[in-house]
J.: 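One structure coming up, written as structure tokens, with questions to follow.
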Amino acid sequence: MIKKNLINKKHLLSSFIFALSLPLTTFLLTACAPKTASTSADTEPAASADTAGRNAPAKLPSAEHLRAFDLVLDMEGADFSPVSAESVPQNPFPDLSVPTYVTKTDDTWFLVDCYHNQVIYHDNLSDPLTDWQVLTDEIDKGHTIASDGTVYLVDDTEGNRILVFEKREGVFYHTQTLDEVGNRPHYIVYDAPTDTFYVWSSMNGEMYLCRHDPGDTRMYLTEIRKTEALADTYVRSFTIDGSDIYFVSGIPGSPAILRADLSTFEVREAYPVPDVMAGMVQLTIADDSYYITVSTDIAGNQEAATMIRTEDLSQLTEGSYEDVYANFIGGGTPYYITHIDNSYYLTEHRIPGHALWKFDITESGISNVEAVY
């Protein structure tokens with residue numbers, strides 16, 4: 001069983017020193033995998049995480065904020081002209097090109113089709129992809145979408161911006177934009193206990209915190225936090241768990257998973273990882289285990305892509321983990337995992353015909369694996 005709160009003092013000291021010593025270099029890897037080769041919640045941890053010790057939301061954005069999102073469309077204005085749901089363009093592609101993220105809000109499913117530069121949506125996962133409709137194709141290599149049920153935030157990774165959508169009569173409208181969002185914003189999570197959207201800038205260690213007032217959809221950038229140890233490392237995601245936030249290992253640098261304080265981003269512990277799994281994608285906590293998707297090794301080689309399971313992050317360098325990628329055939333590149341309606345979903349690329357998986361996680365591990373698309 002995992003004992004996350006019982007940390008040996010000696011191990012804590014050595015891990016903290018390790019975190020401070022992570023080297024900073026200027027080499028950068030871009031896109032879902034390195035350009036020489038090729039996104040929770042939202043893993044939805046906010047709805048199910050233990051919220052003990054969580055800080056209450058800060059002041060309302062209208063009272064104190066860094067800057068407001070730019071208004072693109074005022075749906076309350078006299079010039080607003082609604083369109084019918086039937087007129088929304090349908091997805092022109094019969095397959096997915098490097099899908100990174102799937103989630104569901106209310107009764108609507110969303111898929112981020114990264115290399116088709118679009119986000120699509122539909123009311124089920126059984127119809128052909130050409131039956132889905134296009135939420136947006138204004139993005140360049142976007143990775144995630146997150147919603148609090150009122151607004152929907154999409155990262156435009158190569159455009160360094162965040163697009164905001166609002167829904168009316170079954171139609172999604174692009175209403176706001178935040179430009180100059182770090183360097184390749186790569187992962188967005190809405191965290192209900194803090195009433196905040198966390199937007200991760202994947203290449204410079206910055207997190208952009210965004211909120212809106214109750215009863216008002218206008219979005220504000222309220223804070224920018226930075227993890228200096230990750231300033232020059234390509235890190236694909238983070239995981240919020242209670243008062244902790246985990247950052248997966250990235251490259252270049254000394255490969256390690258960092259556990260930090262959610263309210264301050266102060267690093268609490270660093271867990272070194274083997275070079276073969278240095279380029280991680282995401283960490284999912286389920287049934288007293290950590291499930292980690294890996295995109296590349298320390299050299300950026302996708303042939304090392306896999307998924308592992310461990311009960312103790314501090315033992316990864318000792319080989320204390322199980323490779324569980326064979327449950328999904330293996331051989332591709334697993335990406336983000338989301339938890340939706342008591343099941344888990346995995347996006348994957350590099351294997352034609354296997355882009356989205358559904359599965360369960362129990363005490364004994366992964367079961368009931370089903371290829372969706």
Side-chain angles (χ1 to χ4, degrees), residues 40-42 44-47 55-85 87-89 101 103-112 118-123 133-139 142-157 159-182 185 187-201 207-224 240:
S40 279
D42 163 290
E44 300 187 316
N55 292 338
K59 291 181 180 180
L60 296 180
S62 58
E64 181 178 348
H65 63 268
L66 299 181
R67 55 188 167 110
F69 283 43
D70 293 329
L71 189 64
V72 175
L73 173 66
D74 181 6
M75 293 199 298
E76 305 304 325
D79 295 334
F80 173 65
S81 298
V83 299
S84 66
S87 67
V88 176
Y101 199 76
T103 190
K104 183 183 180 185
T105 300
D106 297 326
D107 295 325
T108 303
W109 291 88
F110 300 88
L111 262 169
V112 181
Q118 63 176 6
V119 178
I120 57 177
Y121 66 96
H122 197 46
D123 60 4
Q133 292 178 291
V134 178
L135 172 76
T136 182
D137 57 6
E138 300 177 79
I139 55 177
H143 285 71
T144 55
I145 178 173
S147 176
D148 62 355
T150 300
V151 294
Y152 302 76
L153 272 62
V154 175
D155 51 40
D156 178 9
T157 299
N160 297 326
R161 60 180 189 155
I162 300 299
L163 309 185
V164 179
F165 296 83
E166 299 173 44
K167 185 179 181 180
R168 179 173 294 183
E169 301 297 327
V171 176
F172 293 91
Y173 297 91
H174 176 195
T175 59
Q176 301 169 69
T177 297
L178 182 67
D179 292 310
E180 299 179 1
V181 182
Y187 195 70
I188 308 176
V189 166
Y190 172 69
D191 180 63
T194 54
D195 189 24
T196 300
F197 288 90
Y198 292 79
V199 181
W200 178 241
S201 173
M207 187 77 81
Y208 287 66
L209 279 61
C210 306
R211 299 181 62 220
H212 63 84
D213 289 322
D216 189 348
T217 59
R218 188 65 185 272
M219 292 293 303
Y220 299 87
L221 173 64
T222 59
E223 187 179 354
I224 301 175
I240 295 174

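Just so we're clear, the structure is a prediction, and the values are computed from it rather than from any experiment. Excluded from the calculations below are hydrogen atoms, water molecules and symmetry mates; all remaining heavy atoms, backbone and side chain alike, are included.
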J.: Nearest 0.5 angstrom please: Ser62 OG to Asp216 CG, how far?
T.: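 Separation between the atoms: 7.5 Å.
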J.: Can you pull out every salt bridge (Lys or Arg N to Asp or Glu O under 4.0 Å) where at least one residue sits in residues 161-175? Sequence neighbours excluded, please.
T.: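 Output for this query lists Glu76-Arg168, Asp156-Arg161.
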J.: Would you say that Ile162 contacts Tyr208 through its side chain, given a criterion of any heavy-atom pair below 4.5 Å between the two side chains?
T.: no
J.: Return the set of residues passing side-chain contact (heavy atoms from CB on, under 4.5 Å) with Glu64 (not counting sequence neighbours), or none when no residue passes.
T.: Lys59
J.: Which heavy atom in Leu71 sits nearest to a heavy atom in Gln176, and how many Å separate them?
T.: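 That closest heavy-atom pairing would be CD1-CG, 4.3 Å.
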J.: For Tyr220, which residues count as a ring pair (Phe, Tyr, Trp, His ring centres under 6.0 Å) partner, sequence neighbours excluded?
T.: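 For Tyr220, the residues satisfying ring pair (Phe, Tyr, Trp, His ring centres under 6.0 Å) (neighbours in sequence not counted) are His65.
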J.: Is there a side-chain contact between Pro82 and Tyr173 in this structure, where contact means two heavy atoms from C-beta onward sitting under 4.5 Å apart?
T.: yes
J.: For Arg218 and Ala68, indicate whether the former's side chain and the latter's backbone hold a donor-acceptor pair under 3.5 Å.
T.: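 No: the side chain of Arg218 does not pair with the backbone of Ala68.
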J.: Supply the atom-to-atom distance Met219 CE to His212 NE2, rounded to the nearest 0.5 angstrom.
T.: 6.0 Å
J.: Quick one: CD on Glu138 to CZ on Phe165, what's the gap to the nearest 0.5 Å?
T.: 5.5 Å
J.: State, to 0.1 Å, how close Gly170 and Ala85 come at their nearest heavy-atom pair, and which atoms those are.
T.: O-CB, 4.2 Å
J.: Does Asp191 form a side-chain hydrogen bond (donor to acceptor under 3.5 Å, both in side chains) with Thr196? I'd like the steps, not just the answer.
T.: CA-CA 5 Å; Asp191 180 63; Thr196 300; over 6 Å; no
J.: Going by the rule side-chain hydrogen bond (donor to acceptor under 3.5 Å, both in side chains), which residues pair with Asp123 if we only count those two or more places apart in sequence or in a different chain?
T.: none
J.: Check Val134 against Val88 and note the closest heavy-atom contact, atom names and distance.
T.: O-CG1, 3.6 Å
J.: At what distance, to the nearest 0.5 angstrom, does CH2 of Trp109 lie from CG of Asp106?
T.: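 Nearest 0.5 Å value for the CH2-CG distance: 12.5 Å.
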J.: What's the verdict on side chain to side chain contact (heavy atoms under 4.5 Å, CB included) for Ile139 and Leu163, showing C-alpha distance, side-chain angles and the deciding distance?
T.: CA-CA 9 Å; Ile139 55 177; Leu163 309 185; 3.7 Å; yes
J.: For Pro214, enumerate each residue passing the side-chain contact (heavy atoms from CB on, under 4.5 Å) test, keeping only those at least two apart in sequence or located in another chain.
T.: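 Once residues adjacent in sequence are excluded, the partners of Pro214 under the side-chain contact (heavy atoms from CB on, under 4.5 Å) criterion are Leu60.
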J.: With sequence neighbours excluded, tell me which residues meet side-chain contact (heavy atoms from CB on, under 4.5 Å) with Arg67.
T.: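 Checked Arg67 against side-chain contact (heavy atoms from CB on, under 4.5 Å); matches are Leu178, Glu180, Leu221.
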J.: Does Pro61 offer a backbone N or O that forms a donor-acceptor pair with the side chain of Thr222 under 3.5 Å?
T.: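 Checking the backbone N and O of Pro61 against the side chain of Thr222, no donor-acceptor pair under 3.5 Å is found.
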J.: Does the side chain of Phe80 reach to within under 4.5 Å of the side chain of Leu73, using non-hydrogen atoms?
T.: yes
J.: If you round to the nearest 0.5 Å, how far is CZ of Arg211 from OH of Tyr198?
T.: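 Result: 9.5 Å between the selected atoms.
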J.: Sequence neighbours left out, what passes ring pair (Phe, Tyr, Trp, His ring centres under 6.0 Å) with Phe110? Give chain and number order.
T.: Tyr152, Phe172
J.: Among residues at least two apart in sequence or on other chains, which ones pass side-chain hydrogen bond (donor to acceptor under 3.5 Å, both in side chains) with Thr177?
T.: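 Thr177 satisfies side-chain hydrogen bond (donor to acceptor under 3.5 Å, both in side chains) with His174 only.
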J.: Counting distance only, does the side-chain N/O of Thr157 pair as donor-acceptor with the main-chain N or O of Pro185 below 3.5 Å?
T.: yes
J.: Can you list the residues that meet the side-chain hydrogen bond (donor to acceptor under 3.5 Å, both in side chains) rule with Tyr121, with sequence neighbours excluded?
T.: none
J.: Against Val112, only a single residue in Ile120, Ile145, Leu135 fulfils side chain to side chain contact (heavy atoms under 4.5 Å, CB included); can you say which?
T.: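 Exactly one pass, corresponding to Ile145.
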J.: Any idea which heavy atoms bring Cys210 and Val199 closest together, and the distance?
T.: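 Nearest heavy atoms, Cys210 then Val199: SG-CG2, 4.2 Å.
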J.: Does Asn160 have any side-chain hydrogen bond (donor to acceptor under 3.5 Å, both in side chains) partners at least two apart in sequence or in another chain, and if so, which?
T.: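 None.
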